[in-house]
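Report on the structure given below.
Chain letters run A, B, ... following the sequence lines, proteins first, then strands; residues in each count from 1.
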Amino acid sequence: GHPHPVWRMTSRVPALPRAVVVHVDLDAFYCQVEVGRDPSLQGQPIAVVQYNPFGDLRTILPSEPRIFNDSNGSLIAVSYEARAFGVKRNMRGDEARRQCPELQLVQVPTANGKADLTIYREAGAQVIDILARGGVCERASIDEAYLDVTEEALRRARRDHGRPVLPLNPEQCRVYGPDGVAGCEAWFSTPDWAWSDADELLAHGAAVVAELRHVVQTELGYSCSAGIAHNKLLAKLCSGLHKPQQQTILPESAVQRLLDPLMIAKLRSLGGKLGQQVAQVLGIETVGQLRAVPETRLRTLFGPETGPWLHRMARGQSSDRVQQRTLPKSLGCGKTFRAQNAIRTLQDVQYWLQQIARELAERIGSDRERNQRVPQTMGVGLSSHGDHVSRSCAMPGLSVESIASAGLALVRRWVAERAEWTVTDLYLSACNFRSIAACPSIATFFQSAAGEGGQGTQGLAPPDPRPDSP
DNA sequence: ATTTTGACGCT
DNA sequence: AGCGTCAA
């Protein structure tokens, strides 16, 4: 665990040095993955569609031609070239083609009668492996991660007793400065005496991020955007300020100016019902207006946890730590059966559970080899008449058959409780992982424990080779 | 015909 | 354990 400095327990608590927290977001990631697999798509307006023109039944391998320009499926990723034509995520193929006749539509691979996102997951894992070289790394989704690069930033601040140096690719680096957003050159030419400790740390962190993004670009060919700030809330907010292929620094002095005009729903976790409720109950729209509401009133209206939490959010404060976790906590796969295709018989449930279990078993198997872990719990989920239901059980084994039959048993349990049912979503998942890493010798254990001075001090050197396949 | 994932909080 | 919310 984390060594707790004794002074944390005393009454005199020095201010912790501000952290440098980064949110990295790949640009139109699925599109970039497809361009990497078919370089002839480079520079063209493209989109990735998730609808199989053959009714999702025929397998479409990653390696076979997957451009179906007559597809009317839903767009799940749109390249920046296509966005320039007004093509948007969630558009249908026909509407997108009206906006951009040259649009190239790439179909997601399919297997077992369903979409198979494996190529994107594996590409995302490659990116995470590079980002984790820079510090504490938390996988936030298939194409996003949080980093805590405080340690490396501190090391550089000590090393260059001098001052932050202009990052790599300064034209891809912005700063939210006193006059709004600007390029980073002026900010980095701040005179030595004028840097605050906090800004200096952000500047060194920004150099780390610029280097990491450069490595991702040269080793994998993917561009990404990033936000650099003092916590996850703000880093996430400013990673999206300038896309694609740009990183944005948010100094503390600019936090209020960024937040005040912002719509409440733009803050992470306030994009849904709670955010709506907050805006409606208070009769406000912006974060600045929220900041003006007394904490006592927020506490009265939204409770002893949520009230103070909103009060802090409105000030750009968040204590949510960056977790050290590069792997997902659960593996799941499922399929939607819309109106006409809804499942009405146990026979069909059994068939589709087998299909889905094939993919899940495959993914559990490769995860076990790569990450030396196995799930201890599985679950089945389904939707019926708009209601979502889930049941779970101990992992019965890792084979397709054991997963499928355990899933069927869980569904039978649910079916037995009702006279009529219709399944419109079917989902299998595995979670609660246990490590199966070979137990290291005592000598090896002490050796590696001694090397762990702290998190995020590895610099940008490649990590030790993975304990890969045997 | 907005799918297919994932994380997390509440109870 | 199961449900609901939020997000990309």
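- Contact check on A:E64 versus A:R58 returns a salt bridge, with a Lys/Arg side-chain nitrogen under 4.0 Å from an Asp/Glu carboxylate oxygen.
- Atom P of nucleotide C:dC3 and atom CG of A:L410 are separated by 12 Å, given to the nearest angstrom.
- Under a 4.0 Å N-O distance rule, the pair A:D320/A:R268 qualifies as a salt bridge.
- Within the 4.0 angstrom heavy-atom criterion, no nucleotide atom of any strand lies near A:A140.
- Between A:Q340 and A:D116, the residue anchored nearer the 5' end of DNA chain B, judged by the nucleotide with its closest heavy atom, is A:Q340.
- Comparing B:dA7, C:dC3, B:dT5 by their closest approach to the side chain of A:V389 singles out C:dC3.
- Taking 4.0 angstrom as the limit, A:R89 places none of its side-chain polar atoms (N or O) nearer than this to OP1 or OP2 of C:dA7.
- Under the 30°/60° scheme for interplanar angles, the aromatic rings of A:W421 and A:W414 are found to stand perpendicular.
- An OP1 or OP2 oxygen of B:dT4 is reached within less than 4.0 angstrom by a side-chain nitrogen or oxygen of A:T336.
- With hydrogens and angles left out, the side-chain atoms of A:S319 and A:N231 include no donor and acceptor closer than 3.5 Å.
- Contacts of A:D143 with the nucleic acid, taken as non-hydrogen atoms under 4.0 Å apart, involve only primed sugar atoms and P, OP1 or OP2.
- Residue A:R391 places at least one side-chain N or O closer than 4.0 Å to OP1 or OP2 of C:dC3.
- Here the side chain of A:Q50 is nearest to one of B:dT5, B:dA7, B:dT4, namely B:dT4.
- Looking at the side chain of A:K329, the nearest of the listed nucleotides B:dA7, C:dC6, B:dT4 is B:dA7.
- Closest to the side chain of A:S390, out of B:dG6, B:dT2, C:dG2, is C:dG2.
- Candidate nucleotides C:dA8, B:dT3, B:dT2 were compared by shortest atom distance to the side chain of A:S74, and B:dT2 ranks first.
- Judged by distance alone, the side chains of A:Y120 and A:Q32 never bring a donor and an acceptor atom under 3.5 Å apart.
- Closest to the side chain of A:K273, from the set B:dA7, C:dT5, B:dT5, is C:dT5.
- In the displayed structure, A:Q317 atom CD is contacted under 6.0 Å by more than 12 heavy atoms of other residues, nucleotides or ligands.
- A:S141 comes within 4.0 angstrom of no nucleic acid atom, judged by non-hydrogen atoms across all strands.
- Residue A:R268 places no side-chain N or O under 4.0 Å from the OP1 or OP2 atom of C:dA8.
- Between B:dT3 and A:R92, no contact under 4.0 Å exists linking OP1 or OP2 to a side-chain N or O.
- Among the heavy atoms of the strands lying under 4.0 Å from A:K236 are primed sugar atoms or P, OP1, OP2 only; no base atom is included.
- Contact annotation: A:K114 side-chain N/O to B:dT5 OP1/OP2 distance is under 4.0 Å.
- With DNA chain B read from its 5' end, the first of the two nearest nucleotides for A:Q323 and A:C333 is the one closest to A:C333.
- Ranking B:dC8, B:dG6, B:dT5 by closeness to the A:E359 side chain, first place goes to B:dT5.
- The phosphate of B:dA7 (OP1 or OP2) has no side-chain N or O of A:R139 nearer than 4.0 angstrom.
- Using a 4.0 Å heavy-atom distance criterion, A:I142 is classed as making no nucleic acid contact.
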